[in-house]
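What follows is one structure encoded as structure tokens, with my remarks underneath.
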Protein chains: 2
Amino acid sequence: MNVTILDRLLQIGELFQHDMARAFAGTGLTSARVRVLWVLQHSGPMTQQALASALEVSPRNVTGLVDALEASGHVHRAPHPNDRRAVLVELSATAEQTMAQMQRDHAALSATLLDAVDPGERAAVERGVAAIADRLAVLVAEAREAES
Amino acid sequence: MNVTILDRLLQIGELFQHDMARAFAGTGLTSARVRVLWVLQHSGPMTQQALASALEVSPRNVTGLVDALEASGHVHRAPHPNDRRAVLVELSATAEQTMAQMQRDHAALSATLLDAVDPGERAAVERGVAAIADRLAVLVAEAREAES
DNA sequence: TTCATACCATGAAGGTACTACATCATTACC
DNA sequence: GGTAATGATGTAGTACCTTCATGGTATGAA
């Protein structure tokens, strides 16, 4: 049984995820919570509804994640200026620094991984992976539509 | 903020995983249970201990997964011929067919994805992705060792 | 042969990530 | 100004995972 490129791609995802979980063990952070922080870092303060659709999870689930992140001091809830039903979730100052560092680590890891590729083929590999990701996104979107 | 190749690779993993979950919704199968079946398909009947180390989860967790798979008729527990403590978990006939089909689908998807890559660059992309996966595996192994 | 030790599976208890449904307050619209 | 949509959350439940404790079985040394 040959190892397909898809096997390799999935192996990368699993390795990364597993390693993230290990790295955060004992810090109170988990991968789901880091995803929340990641979105907030990229897009700024937002309501839990917006967070839910950005993360593609139920709003109810976001409430729990924000509860945990608020208890550990990574985010805080502020009243929404125009809508008293909603809350704005925003990063704390320390979380902002943590996430900036994480982003640097992420970029460094990406560079290290690309370093394992033959220099003459790096551009082709980057293009190819992007093409595969785009194709898969299309396939998934089609499958999702076909069911609804 | 540029999109790195690591972002793309992780996007692929997430898309795939999300789509798997959607595809199995309502069948009684989940991604963790499919992973069990996948290992059994590749390596044949084995004890729950072996399954636990192959999946890198606790033996206790395997008990629950096998319980569910046994209840849904995908596997059955057989006594181990040489060790009355252990059980051998093996695929049912129908699960064997299901997994064979899944493997064909998997290969077809891999081919479809590779089809999105420029034909002249496919070999380079396959090599590059494999190199990245291997490098990441080494990095993760090192990090794991550094902590223990 | 027997006794200590290691090992396999599982019970008990608990944490996190998710879901659907119901509820309450607030907003938006006719 | 009343009705309908919307934002957050309570309740209840499932799946996946953990550690610790227990009972049965295997193994190797005294």
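Convention: sequence-line order gives letters A, B, ...; per-chain numbering from 1.
- The shortest heavy-atom contact between B:P81 and B:L88 is CD-CD1, 3.9 Å.
- For DNA chain C, none of the residues of residues 18-32 of chain B falls under the heavy-atom distance limit of 4.0 Å.
- Residue pairs that meet the salt bridge (charged side-chain N to carboxylate O under 4.0 Å, His left out) test with at least one member in residues 87-107 of chain A, sequence neighbours left out, do not exist here.
- Screening residues 110-120 of chain B for salt bridge (charged side-chain N to carboxylate O under 4.0 Å, His left out) gives B:D115-B:R122 as the qualifying pairs, with residues at least two apart or on separate chains.
- Applying the ring-ring contact (aromatic ring centres under 6.0 Å, His included) definition to pairs two or more places apart or across chains, none involves residues 127-148 of chain B.
- Residue pairs meeting the salt bridge (charged side-chain N to carboxylate O under 4.0 Å, His left out) criterion with at least one member in residues 39-56 of chain A, sequence neighbours excluded, are A:E56-A:R144.
- Among residues at least two apart or in separate chains, ring-ring contact (aromatic ring centres under 6.0 Å, His included) pairs with a member in residues 99-119 of chain B are B:W38-B:H106.
- In the hydrophobic clustering of this structure, B:L15 does not group with B:V3; members are Ile, Leu, Val, Met, Phe, Trp, Tyr whose side-chain heavy atoms approach within less than 4.5 Å, directly or through other members.
- Residues forming a side-chain hydrogen bond (donor to acceptor under 3.5 Å, both in side chains) with A:R84 (at least two apart in sequence, or on another chain): none.
- Here the CG atom belonging to A:L9 is positioned 8.0 Å from the OG1 atom belonging to A:T4, to the nearest 0.5 angstrom.
- Within residues 59-76 of chain A, the residues approached by DNA chain C to less than 4.0 Å at the level of any non-hydrogen atom are A:R60, A:N61, A:L65, in residue-number order.
- Donor-acceptor pairing under 3.5 Å is lacking for the side chains of A:S31 and A:Q17.
- Considering every non-hydrogen atom in both B:F16 and A:L136, the closest pair reads N-CD2, 4.2 Å.
- The phosphate of C:dA17 (OP1 or OP2) has a side-chain N or O of A:R33 nearer than 4.0 angstrom.
- For the contact set between residues 45-58 of chain B and DNA chain C, defined by any heavy atom under 4.0 Å, the members are B:T47, B:Q48, B:Q49.
- Crowding of B:E145 atom CD: a count of heavy atoms from other residues, nucleotides or ligands under 6.0 Å not exceeding 12.
- For the pair A:R77 (side chain) and A:E70 (backbone), a donor-acceptor distance under 3.5 Å is absent.
- Between the CG atom in B:L40 and the CZ atom in B:R35 there is a gap of 13.5 Å [rounded to 0.5 Å].
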Could you list, one pair per line, each protein nitrogen or oxygen that sits under 3.5 Å from a nitrogen or oxygen of nucleotides 1-3 of chain D, together with the distance?
none

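- Pairs passing the salt bridge (charged side-chain N to carboxylate O under 4.0 Å, His left out) check and including a residue from residues 21-32 of chain A, sequence neighbours excluded, read A:D19-A:R22, A:R22-B:E147.
- Residues of residues 77-88 of chain B that place a heavy atom closer than 4.0 Å to DNA chain C, in numerical order, are B:R77, B:R85, B:A86, B:V87.
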